[in-house]
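Keep in mind it's a predicted model, so treat the numbers as computed, not measured. We name chains A, B, ... by the order of the sequence lines, and we start the count at 1 in each one.
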Amino acid sequence: MSATLRHAGWVLRGNPVTACAAAGAVVLVAIAVLAPWITPYDPIASNVPAALQPPSATHWAGTDQLGRDIFSRLIGATRLDLGIAVSAVLLSFAAGATIGALCGYAGGRVDRSVGRLVDVLMAFPLFVLAMALVAALGNRVENIVIATALINLPFYIRFARAEVNVRRHAGWVEAARAGGESHATIVLAYLLPNILPAMAVQISLNLGWAILNAAGLSFLGLGVQAPTPEWGIMVAEGARFIGNGQWWLVAFPGLALMLAVLCFNLLGDGLRDILDPRMRT
Amino acid sequence: MSGPLLDIQNLHVAFSTRAGMVEAVRGIDLQLAPGGTLAVVGESGSGKSVTAYAVTQLLDRAARIPKGRILFRGEDITRADPARMKALRGAAISMVFQSPRTALNPIRSIGLQVMDAIAAHENLPKAVLRARALELLEAVRIRDADKRFDAYPAELSGGMCQRVMIAMAIACNPSLLIADEPTTGLDVTTQKTVMDLIAGLTAERGMALILITHDLGLAASYCRDVMVMQQGRVVEAAPAVDIFRHPSHPYTRRLVAASPTPTSTVDELVGETPSVARAPFAVPREARVLLDASSIVKRFDSTLAVEDVSLTLKAGESLGLVGESGSGKSTLSRIVCRLADADGGRLLFDGVDIGAIPLRTFHESPWRREIQIVFQDPHESLNPRFTAFECIARPVRRLAKLTDGAQVKRRVEEVAERCGLSPDLLSRFPHQLSGGQKARIGIARAVAVEPRLLVLDEPTAALDVSVQAVVLKLLDDLRRDEGLAFLFVSHDLNVVRMMCERTIVMRHGRIVEEGESHALFRNPQAAYTRELLGAIPHFEPVQAATA
């Protein structure tokens, strides 16, 4: 464990961009976890007399049309947005990596049929597919998670399939067969851990995309409903006021979105180096 | 001629790594006269390739030359600017690389690549370039050069690709050719033709040759001078004849001893001469037939990889399987250890038809434990995410059915010790181990479950000679002590002769010759066997002395 930490430290020192991204990600997660305790105001309590105030010492990011503190709403939204993105990505990673690895290992007819299914899924405009899914399943947070997970699934399947396929005939897989390992063990205990470093990059990039996706759905009025604080809804609601010069309603949630996506995208490459034991010499 | 062509003075090359600066070359001196031939011999990590790369300035970016000078025709090129080096490379100093397949551009036809090599230094019209390229391809003896001109590297054999590389290297008549392990990965007969070609062309065109190799035999056969390197230093430099007749440095002596010759024994390789010479291992006459394969056939698409091959192996016997790439020997070995299905034939192990057990469920059968395999590439056959302990312990748990943690640990430690691995190495990952240590883990993993038949698929092909010597010794001891039967697959005839009582020679999926090893080597019957034996580079001191 300490070796892993030492190694992580070494990678981050040589890679300041990753270090910043990692720090950003840690801060985001901390905010999400601590949200209920660190918001200066109640994120859904309206206070109409104080509506549409610009950023000030009392309201750092200003207030919205109902007088709610935008800074508090941003913090509250972090928990929801990150929660949706992380659960959606974990879901599609777990399902996609397993299906993809099995296809890559088994080859033949299973591989071909799953491959065609994935092709069909990818032929849809993915965001439209997600919209349709949420509309059909019902406007609930769980359904955003499912829709986001489903549209990410093809990428994980393809990725895992390709990565396993090149290792399928590696000497150490043959050795595992000679050592009497079952096929399931070979896929789960040998192949999956070996493709994890490459998948980590995909996961990290995907997190950013999933956040954007969840916010996008809410922006269109699907999924999360007002008055729940959520970056996408905040942008959607604030958009009406931008013409009057009340920019803070849109700018801060937009900025939060951008920073979150940026953090996870930049984290990817660093993660790969940290998780690869061969980099540890 | 006045002055040497290449003069390296006190060269140091260091690499900046995570652990600080690491010196790969620690002060070497080297002089090469125009037209001279020099072999730089050493094992992996000796700095021989780094020296060559320093001359051509093709070193990795992390490399520095803190000290020393490289003079080429009297000109200091140690830190020559890129433009000057570009003018020299190809035109005056050329290189032939280790793996021709990766050194050639896979998506450009070979003819165009040779034309590119000429055009890099001479501004000529296309038609002239083409004619010159064709001449060069003919000079490196590519048959039907005009037909092969538009072929892509993937359509040619490894030996052919290396000829194309040589054509490119000599395209502008350089005065120095550096060949970096030019025949690694090539068959012994191909090696001979490629080396003959290099030697012939350099002599004919008056080029100097630096041959970088780990193979003493190759060095002795093709170069007048030999320089032996170890850990970045030159330990001995002398004319080839002298080095092999009386090697003065202990390392050279060890290297000479470790190189298998037609007469050496496993004990001699590791420098041991037992007071009483060990009797050649004798299989008891009454030993049962352990493996009986008859009429094995294997097809890949439409080509036959193994064509009607039959062999038997008695308990405790060692059978050598020799052949060049494409002979079907590896395919056959995978069929025997049930990692691949045969398309025809019968495979009996101890009287049981194990070929009838489906491949998909063979890992559950009791026979899985009885037949184990040691793979060719020790690095590639270890899971990069498992520690050495885990690599050995897994089959012990699965096949030897040991479940108690302490028992497993004891068994793994015993086997590791038996295979010469110290216990502290067991917690390491494969990339933290040397090639020899990894080879030992591969062997320990296979013998830990106490099999009766061990298939060895070129177990030492990826190892340095000195490491090969100790690994062969280990295998030989294991066999004597545990009564294992070996199916020993190799392209190295000298190794097979030492390790096996009987030998089978294969070519194009068929058995060419079969017989008792010593008789087969002394008096080969098939023309192909004679050709194989003749292609092995020799350096025996006795021969060199009488020559």
- Item | Partners passing salt bridge (Lys or Arg N to Asp or Glu O under 4.0 Å) against B:Arg394 (at least two apart in sequence or in another chain) | A:Glu181, B:Glu390
- Does the side chain of A:Leu90 come within less than 4.5 Å of A:Ile203's, by heavy atoms? no
- Task: Pick one of side chain, backbone, both or neither for B:Glu380, based on which atoms fall under 4.5 Å of a heavy atom in chain A.
- Result: both
- Which residues satisfy the side chain to side chain contact (heavy atoms under 4.5 Å, CB included) test with B:Arg418, sequence neighbours excluded? B:Asp477, B:Leu478, B:Asp481, B:Glu482
- Query: Among A:Ala189, A:Ala175, A:Ala176, which residue forms the greatest number of heavy-atom pairs with chain B at distances under 4.5 Å?
  - Reply: A:Ala175
- Will you find, in the side chains of B:Thr102 and B:Ser99, an N or O donor that is under 3.5 Å from an N or O acceptor? yes
- Message: Check the orientation of B:His431 and B:Phe429. Use parallel for under 30°, tilted for 30 to 60°, and perpendicular for over 60°.
- Response: parallel
- Note on the structure: If one checks every heavy atom of B:Asn383 against chain A at 4.5 Å, the contacting part turns out to be both
- Query: Is a side-chain N or O of B:Lys298 found less than 3.5 angstrom from the main chain of B:Thr331, in a donor-acceptor match?
  - Reply: no
- Most heavy-atom pairs under 4.5 Å with chain B, out of A:Ser182, A:Ala178, A:Gly179, belong to A:Ala178
- Sidechain-backbone polar pair: B:Arg440 side chain, B:Cys419 backbone, donor-acceptor under 3.5 Å: yes
- If the plane angle is over 60° it's perpendicular, under 30° parallel, otherwise tilted; pick one for A:His183 and A:Tyr105. tilted
- May I have all residue pairs that pass side chain to side chain donor-acceptor pair (under 3.5 Å) and include part of residues 202-217 of chain A, sequence neighbours excluded? A:Thr148-A:Asn213, A:Asn152-A:Asn206, A:Tyr156-A:Asn206
- Message: Shorter than 4.5 Å, heavy atoms on both sides: which option in B:Gln376, B:Arg360, B:Glu364 has the most such pairs with chain A?
- Response: B:Arg360
- Which of residues 443-462 of chain B have a heavy atom under 4.5 Å from any heavy atom of chain A? B:Arg445
- Note on the structure: So, the part of B:Phe362 with a heavy atom under 4.5 Å from chain A: the answer is neither
- Quick one: does A:Arg161's side chain have a donor or acceptor within less than 3.5 Å of a partner on A:Gly100's backbone? no
- Checking heavy atoms, do the side chain of B:Arg334, its backbone, both or neither come under 4.5 Å from chain A? side chain
- Applying a strict 4.5 Å limit to non-hydrogen atoms, the region of B:Leu339 in contact with chain A is both
